Peer 1: 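One structure, as structure tokens, below. Some questions next.
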2 protein chains.
Amino acid sequence: MDDTADVNAPEALAGSAPLRRLSLYEVVAEQLREMVLEGELLPGSRISEKRLCESFEVSRTPLREALKVLANEGLVELLPNRGAKVTEVDPREVADLFEVMVELEALSGHLLARRAGEAEIAELRALHRQMLDHYRRQERPEYFRLNQRIHRRLAEISGNGVLLELETALNLKITRARYAANMKLGRWDESAREHERILDALERRDGEALACAMRDHMRKTGDAVLEGLASR
Amino acid sequence: MDDTADVNAPEALAGSAPLRRLSLYEVVAEQLREMVLEGELLPGSRISEKRLCESFEVSRTPLREALKVLANEGLVELLPNRGAKVTEVDPREVADLFEVMVELEALSGHLLARRAGEAEIAELRALHRQMLDHYRRQERPEYFRLNQRIHRRLAEISGNGVLLELETALNLKITRARYAANMKLGRWDESAREHERILDALERRDGEALACAMRDHMRKTGDAVLEGLASR
DNA sequence: GCTCTGAATTTTGAATTCAAAATATATTAT
DNA sequence: ATAATATATTTTGAATTCAAAATTCAGAGC
């Protein structure tokens, strides 16, 4: 307990400080989240508090608080008196997840057709065009990023805060399932065409068509992920 | 730090111990949850850690862990460096809540019609009859309890774990909104008739009708709660 | 040789302590 | 008397400490 020199490293994130009123446990939670999502911490593996404390250079208090947050998000499991483990990706649960997500997307579609402003539709169209550019240039990471951003924007513009929260939360698990299925993004072309359909319906403000398009898109994504999970 | 005699009170919950491997923070979280739901801690009020620690007779560590859990459930808000406050009941958010819940109920209905076993349908019918008994005898608390139990059972039997979790989580906030609207249960008669419709559709295994009935029931509940909230 | 029992060690749960931020109070100058 | 600043107190954030539970490992018994 004495070989590491500086226990407190206050110069850790010095330099630019736009707004860093972040509690320590929030920083740790975000790091952990990423590690779990990207598979750096493998599903099913036990989490040693000591190891993580050392790697993050924080005490156990904020780490344990962060673990509680992650547990509520369903990324880790807290076993009584025996620490935490990363939750397994259960295909059954993933199926349930998509079954719900599909309906949330449909609701989103109905709301969007009613509530989206002209400016917002234009913004989405612009994002869509950008994404297509990346598609043509085969720039996967950028494509993926824009894809995510469009979906988030759609949820935001539907104007229902609860819906946005739920979609965000479920999307966490979906992202994880994707990684687990070794398909950070599958179905480039198909997916792009489905997005086209979504944008079209939105511009026509055809709620029913939009709901169907979004529902379909999510359903197909789900099928692909589940297939990927099955063939491991 | 000296007037209270025993800091550690190990004889707190002695006696019956069917299984008590409950972490302290879980117990505290459950207590807090109840206090917030029942309005014992008023919306908007600041939470003093010291006061609560003393009243619960625990140290700040488990209390703070519990607060983090409640924050994720949306019952309290964590302000950086200035503690926690009970979240306000925002009619706008409650409206969003029901907008989503209505669709989740519809999904639940579709799944139920497909997946419920005969035995489970019989069980639900039995619970329904019991509830009607309490209705006839005007036993409000028992009626309310059965009502809740039926809804939970419906969610369970629909066989989608994610759906069950979401409905449970959202139901927390709905319960809180009900209390805030001073209507622990409104619409006895209407509600009973709607339940009748639900049971009928389920016994006929008419997915469409069941989804409609459940959707309607939730929508009407929402309208009533929102009306109650508006007239405060 | 294997299993079961029982210490020694490690790991977790919870209380306490220390430090920093925020709030309240007092003091002084205008 | 009021307002602004400085100081004291309280309250929160995070590290440390202490105790209890679980795990590991050794040895005895079969």
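Just so we're clear, the structure is a prediction, and the values are computed from it rather than from any experiment. Worth knowing before you read on, the calculation uses all heavy atoms, side chains too, and leaves out hydrogens, waters and symmetry mates.
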Peer 1: Does A:Arg145 have any salt bridge (Lys or Arg N to Asp or Glu O under 4.0 Å) partners at least two apart in sequence or in another chain, and if so, which?
Peer 2: none
Peer 1: Show me the pairs that pass salt bridge (Lys or Arg N to Asp or Glu O under 4.0 Å) and involve residues 65-82 of chain B, at least two apart or across chains.
Peer 2: A:Arg64-B:Glu65, A:Glu65-B:Lys68, A:Lys68-B:Glu65, B:Arg33-B:Glu73, B:Glu77-B:Lys85
Peer 1: Starting at CG of B:Leu22 and ending at P of C:dA14, how long is that distance when rounded to a whole Å?
Peer 2: 10 Å
Peer 1: What pairs with B:Glu99 under side-chain hydrogen bond (donor to acceptor under 3.5 Å, both in side chains), at least two apart in sequence or on another chain?
Peer 2: A:Arg115, A:Asn160
Peer 1: From CG of B:Leu78 over to C1' of C:dA21, roughly how many Å is that when rounded to an integer?
Peer 2: 16 Å
Peer 1: Checking A:Glu156 now: which residues fulfil side-chain hydrogen bond (donor to acceptor under 3.5 Å, both in side chains) with it, not counting sequence neighbours?
Peer 2: A:Arg152, A:Arg153
Peer 1: Should the side chain of B:Thr61 and the base of C:dA15 be counted as holding a donor-acceptor pair, with the cut-off at 3.5 Å?
Peer 2: yes
Peer 1: Taking only distance into account, with no hydrogens and no angle test, what donor-acceptor pairs under 3.5 Å do side-chain atoms of residues 217-225 of chain B form with protein atoms, sequence neighbours excluded?
Peer 2:
{"residue": "B:His217", "atom": "ND1", "partner": "B:Glu194", "partner atom": "OE1", "Å": "2.4"}
{"residue": "B:His217", "atom": "NE2", "partner": "B:His151", "partner atom": "NE2", "Å": "3.3"}
{"residue": "B:His217", "atom": "NE2", "partner": "B:His195", "partner atom": "NE2", "Å": "3.3"}
{"residue": "B:Thr221", "atom": "OG1", "partner": "B:Arg187", "partner atom": "NH2", "Å": "3.0"}
{"residue": "B:Thr221", "atom": "OG1", "partner": "B:His217", "partner atom": "O", "Å": "2.8"}

Peer 1: Where do N or O atoms of nucleotides 10-13 of chain D meet protein N or O atoms at under 3.5 Å, pair by pair?
Peer 2:
{"residue": "D:dG13", "atom": "OP1", "partner": "B:Asn81", "partner atom": "N", "Å": "3.2"}
{"residue": "D:dG13", "atom": "OP2", "partner": "B:Arg64", "partner atom": "NH2", "Å": "2.0"}
{"residue": "D:dG13", "atom": "O5'", "partner": "B:Arg64", "partner atom": "NH2", "Å": "3.3"}
{"residue": "D:dG13", "atom": "N7", "partner": "B:Arg60", "partner atom": "NH2", "Å": "2.9"}
{"residue": "D:dG13", "atom": "O6", "partner": "B:Arg60", "partner atom": "NH1", "Å": "3.2"}

